[in-house]
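Structure first, then comments.
Chain letters run A, B, ... following the sequence lines, proteins first and then strands; every chain starts at 1.
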Amino acid sequence: MIALKALRKNLFKSLLIFLSITIAVMAIFLISSVSQGVIGMYSKMIKTDGDIIITQKGISDTFFSNVDISLIQKIQNIEHVNSSYAMIVGASPIGHIPIAGIYGTTPNHFSHYKLSSGEYPIESEVILGENLAKQFSTKEINIANRKFKISGTYKSEIGFEEGGVVMNIADAGALFNRSASFILVSSLSVDKIDEIVEKISKFNSDIEVKTTQNFVKEYNQFKIIENSSFVISFLAFAMGLMGIASVMSMIVNSRKEEFGIMRALGKSRFFIIKNLFFETALMSVSAYLFALILSLGILALLPHIEMLQGYVNGTLSISSALYVLASTLIMAFLGALIPAWIASKTDPILLINQGCA
Amino acid sequence: MIKASNISHFYGKEQVLYDLSFEIGSGQFVFLSGESGSGKSTLLSILSTLLQPSKGELFIDGEIISEIKNIDIFRQNRVGFIFQFHYLINYLTVYENIALAATEDKKQNINKILTELKIAELSSRYPNEISGGQRQRVAVARALVNEPKIIFADEPTGSLDSNNSLIVYELLKNAQKGGTTVVVASHDMNIENYATEVLRLRDGKIL
Ligand SMILES: Nc1ncnc2c1ncn2[C@@H]1O[C@H](COP(=O)(O)OP(=O)(O)OP(=O)(O)O)[C@@H](O)[C@H]1O
Ligand SMILES: [Mg+2]
């Protein structure tokens with residue numbers, strides 16, 4: 001196979017192309033999957049434990065929202081409601097840690113945080129996420145000038161929750177000066193969700209009631225992350241692809257002499273393009289696979305990097321992997337085959353002379 | 001056998017060949033001579049189908065070159081080339097370089113030719129692992145392998161010492177004795193001793 005011989009004999013050059021394709025593809029994968037991962041985790045947190053979310057009207061951010069917690073009593077009485085709980089989500093320095101998440105919740109939601117040691121907190125007590133717990137060996141911690149006793153530690157499926165603390169909502173309310181950030185309601189049956197939304201909306205004109213599905217879809221923070229990650233990954237993607245195309249076309253141009261010789265020996269245009277096609281395919285597919293494996297490896301490591309406190313997570317969907325594969329191949333082929341096609345139409349002797357120029 | 005009819009050539013606006021018409025008979029050894037820049041390489045490229053002339057027609061064995069449908073097969077079967085620089089492909093061995101040019105039915109000739117040109121022991125080396133003279137012999141072998149009716153050579157000894165040059169001339173002369181038409185462009189007036197016909201170029205015109 002002549003394509004393999006060309007690759008092997010020009011090993012260093014081939015390696016450089018291989019690496020540049022690998023890096024381009026990895027950049028695309030990591031940027032897009034990390035931003036997807038952050039959004040995915042947060043929406044999972046909201047979606048897993050409720051069908052309906054109640055926030056303050058006109059406040060699009062859960063951090064700033066303030067909802068009257070006494071609504072819970074009325075909600076419990078609505079038909080088809082399974083359960084409801086309230087949460088305060090905040091962030092504050094904790095001990096020597098500059099910033100960490102604080103989750104205040106009603107006791108019926110504690111079970112979301114799986115105890116790995118100790119007990120769930122009572123008043124003036126907190127449990128620490130496992131990542132955060134590694135930073136403290138004391139029995140008490142300071143949060144915003146108040147002392148809390150550490151009653152236990154917890155694990156969570158949602159990576160970044162393990163970097164925070166969980167306490168009773170009354171304690172969190174005192175810290176952040178509000179009743180509740182939002183209330184989550186779960187329904188006994190999926191068909192009844194819209195009905196429940198309508199009923200809750202009538203209780204109070206200060207609240208906004210949405211299905212969690214819709215909420216996540218419309219949430220501003222997500223839109224910002226999504227849009228900026230889209231722009232960044234698009235740029236990385238475009239740059240990566242341009243890199244691939246330009247490297248390939250440089251390679252082809254540097255081999256004009258060789259193509260001229262082949263044409264002079266009576267090799268057809270098709271012969272030249274076919275071999276270049278195999279070279280390109282071999283190189284870009286193997287670089288793609290290499291990049292895919294590296295990216296998956298890095299993504300698997302991310303949740304375990306302590307510095308990131310579990311905030312950065314990434315998932316790679318099959319569809320985006322295939323999409324990247326397709327565009328990588330298209331760009332490699334465009335980059336390689338267009339100049340090759342143009343070259344193959346030039347008189348052989350001119351190619352040979354251009355080659356040595 | 002080869003007929004040039006009113007051939008002119010321009011590189012951009014610069015005209016380098018002026019309305020050339022001549023014929024080269026079958027089995028001749030033609031020496032194309034002339035000063036540097038007189039148009040030897042350009043004319044040789046046109047005669048060997050590697051360059052399309054700006055004006056005029058080229059006939060080989062009665063066929064109009066500009067109208068040949070499959071020029072690749074025509075090149076592979078009918079003509080052989082030797083360039084001033086060997087122009088071997090660097091990632092193929094000596095053997096593979098010759099095999100690349102060979103048509104299927106001529107592949108069996110490769111070893112015989114390698115032996116004749118005394119490069120059989122080099123057959124598995126790469127071009128950068130042999131001497132300049134040896135490379136040029138490989139290039140000659142490559143040109144001979146399909147037993148073409150015509151061989152074109154542009155300064156085939158340009159990068160060789162006189163010993164190696166002699167070897168190449170003898171090889172070309174042998175091919176001509178076997179019935180092949182040979183056209184050589186060169187500065188080296190020694191070729192005149194081998195030639196049956198001399199074409200002198202000056203400033204793109206035949207004297
Ligand atoms: N690719 C090109 N583009 C522009 N001008 C060219 C090109 N090739 C050759 N020329 C010009 O055409 C003229 C004839 O060149 P050519 O190479 O045919 O001469 P030559 O007789 O082979 O010279 P030499 O003995 O030095 O090889 C020269 O004036 C040269 O500068
Ligand atoms: Mg010349």
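- Contact annotation for B/D154: neither backbone nor side-chain heavy atoms come within less than 4.5 Å of a heavy atom of chain A.
- Side-chain contact check for A/E258 and B/Y87: no donor-acceptor pair (N or O, by modelled atom type) lies under 3.5 Å.
- Looking at B/Y126, only its side chain comes within 4.5 Å of chain A, counting heavy atoms on both sides.
- A 4.5 Å side-chain heavy-atom check between A/K267 and B/Q76 finds at least one atom pair inside the cut-off.
- The candidate with the highest count of non-hydrogen atom pairs below 4.5 Å against chain A, out of B/I89, B/N70, B/T103, B/I71, is B/I89.
- For the atom pair CZ (B/R142) and CD1 (A/I261), the distance works out to 6.0 Å, reported to the nearest 0.5 Å.
- You'll find the side chain of A/M262 reaches within 4.5 Å of the side chain of B/L100, heavy atoms only.
- Annotation: the span from A/R263 atom CZ to B/D72 atom CG amounts to 4.5 Å, rounded to 0.5 Å.
- Looking at B/N90, both its backbone and its side chain come within 4.5 Å of chain A, counting heavy atoms on both sides.
- With values rounded to the nearest 0.5 angstrom, B/L51 atom CG is found 11.0 Å from A/L351 atom CG.
- Applying a 4.5 Å heavy-atom cutoff, the residues of residues 269-286 of chain A that approach chain B are A/R269, A/F271.
- Put simply, the side chain of A/I349 does not reach to within 4.5 Å of the side chain of B/F81, judged on heavy atoms.
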